[in-house]
Amino acid sequence: QVQLVESGGGLVQPGGSLRLSCAASTNLFRVATMAWYRQAPGNEREFVAHITTAGYTNYADAVKGRFTISRDNAKSTVYLQMNSLKLEDTAVYCCKPLGTSFWGQGTQVTVSL
């Protein structure tokens, strides 16, 4: 049983920052490329970023230069530092080990004036 628990979402003004966390209760984390996805109301789920076990990262163009993904293998946790947030970043953010069907429950990020 794989459990993924996201936290750190909230309400923030444009230009603000949030740091999301995703804690995994499985050894799968140690061998998995971990990714963040997001889904805004009325939109399909979209890729945000991923990080390999070696620390190589990849970002969607929409967040490049503003978001930073990182991981702590000792804590089985992946993070998403989000800076310079925009209204269009509002979404439910979920983490996922790539190549699996497991998803966390998500954490809501709302960027609003």
Side-chain angles (χ1 to χ4, degrees):
Q1 183 79 14
V2 175
Q3 287 189 319
L4 302 161
V5 180
E6 299 96 337
S7 61
L11 174 64
V12 64
Q13 292 185 341
S17 298
L18 284 173
R19 188 193 193 207
L20 306 183
S21 299
C22 169
S25 63
T26 175
N27 285 329
L28 172 65
F29 181 92
R30 301 179 187 277
V31 299
T33 291
M34 295 297 298
W36 284 97
Y37 285 75
R38 67 185 182 185
Q39 187 169 19
N43 290 357
E44 293 189 355
R45 185 178 286 158
E46 64 176 1
F47 168 79
V48 175
H50 80 236
I51 184 167
T52 70
T53 55
Y56 292 103
T57 59
N58 185 43
Y59 298 92
D61 288 343
V63 306
K64 204 170 291 184
R66 300 188 297 121
F67 291 10
T68 302
I69 189 171
S70 61
R71 65 192 292 161
D72 185 334
N73 290 332
K75 296 181 179 180
S76 295
T77 300
V78 61
Y79 304 98
L80 187 67
Q81 177 67 44
M82 305 186 297
N83 299 329
S84 302
L85 283 161
K86 304 177 180 180
L87 297 174
E88 53 265 40
D89 293 319
T90 295
V92 175
Y93 286 71
C94 298
C95 67
K96 172 185 175 60
L98 288 186
T100 76
S101 59
F102 301 116
W103 291 93
Q105 85 289 348
T107 185
Q108 176 70 47
V109 171
T110 302
V111 185
S112 180
L113 296 169

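Quantities reported herein were computed from a predicted structural model and do not represent experimental measurements.
Between the side chain of Ser25 and the backbone N or O of Gln3, at least one donor-acceptor pair lies under 3.5 Å. Although no hydrogens or angles enter the test, the distance criterion places no donor-acceptor pair under 3.5 Å between the side chain of Gln105 and the main chain of Val5.
The six-membered or imidazole ring of Trp36 lies away from that of Phe67, with a centre-to-centre distance of 6.0 Å or more.
Under a hydrophobic-cluster definition in which Ile, Leu, Val, Met, Phe, Trp and Tyr are linked whenever side-chain heavy atoms come within less than 4.5 Å, directly or via other members, Ile69 and Tyr37 are assigned to different clusters. Cluster membership for Val78 and Trp103, using ILVMFWY side-chain heavy atoms within less than 4.5 angstrom, is not shared. Hydrophobic cluster membership differs between Val92 and Phe47, with clusters built from Ile, Leu, Val, Met, Phe, Trp and Tyr side chains linked at under 4.5 angstrom. At a threshold of 4.5 Å between side-chain heavy atoms, the hydrophobic network of Ile, Leu, Val, Met, Phe, Trp and Tyr places Phe102 and Met34 in one connected group. Leu4 and Val31 fall within the same hydrophobic cluster, where Ile, Leu, Val, Met, Phe, Trp and Tyr residues are linked whenever their side-chain heavy atoms come under 4.5 Å apart, directly or through other members.
A 4.5 Å side-chain heavy-atom check between Tyr79 and Arg19 finds at least one atom pair inside the cut-off. Side-chain contact between Leu20 and Met82 is present, with heavy atoms from C-beta onward closer than 4.5 Å. At a threshold of 4.5 Å between non-hydrogen side-chain atoms, the residues Pro14 and Val111 count as touching. Contact annotation: the side chain of Cys95 never approaches that of Leu80 to less than 4.5 Å [non-hydrogen atoms, C-beta and beyond]. In this structure, the side chains of Val2 and Thr100 stay at 4.5 Å or more apart for every pair of heavy atoms. Looking at Arg71 and Thr53, their side chains come closer than 4.5 Å, going by heavy atoms from C-beta outward.
Taken to the nearest 0.5 Å, the CG atom of Asn58 stands 4.5 Å off from the NE2 atom of His50. Atom-to-atom distance recorded for Arg38:CZ and Arg45:CZ is 13.5 Å, nearest 0.5 angstrom. From Gln13, atom CD reaches atom OG of Ser112 across 8.5 Å, with rounding to the nearest 0.5 Å.
Partners of Glu88 according to the salt bridge (Lys or Arg N to Asp or Glu O under 4.0 Å) rule, which considers only residues two or more places apart in sequence or in another chain, do not exist here. Legend: residues meeting salt bridge (Lys or Arg N to Asp or Glu O under 4.0 Å) with Arg66, ordered by chain and number and at least two apart, are Asp89.
Closest approach of Ala40 to Thr90, counting heavy atoms only: CB-O, 3.5 Å. Closest approach of Val109 and Leu18 over heavy atoms only: CG1-CD1, 3.9 Å. Nearest heavy-atom pair across Arg30 and Asn73 is NH1-O, 3.4 Å. Annotation for Gln108 and Ala91: closest pair NE2-O, 3.4 Å, computed over non-hydrogen atoms. Counting all heavy atoms, side chain and backbone alike, Val12 lies closest to Ser17 at CG2-N, 3.9 Å. Closest heavy-atom contact between Phe29 and Asp72: CE2-O, 3.9 Å.
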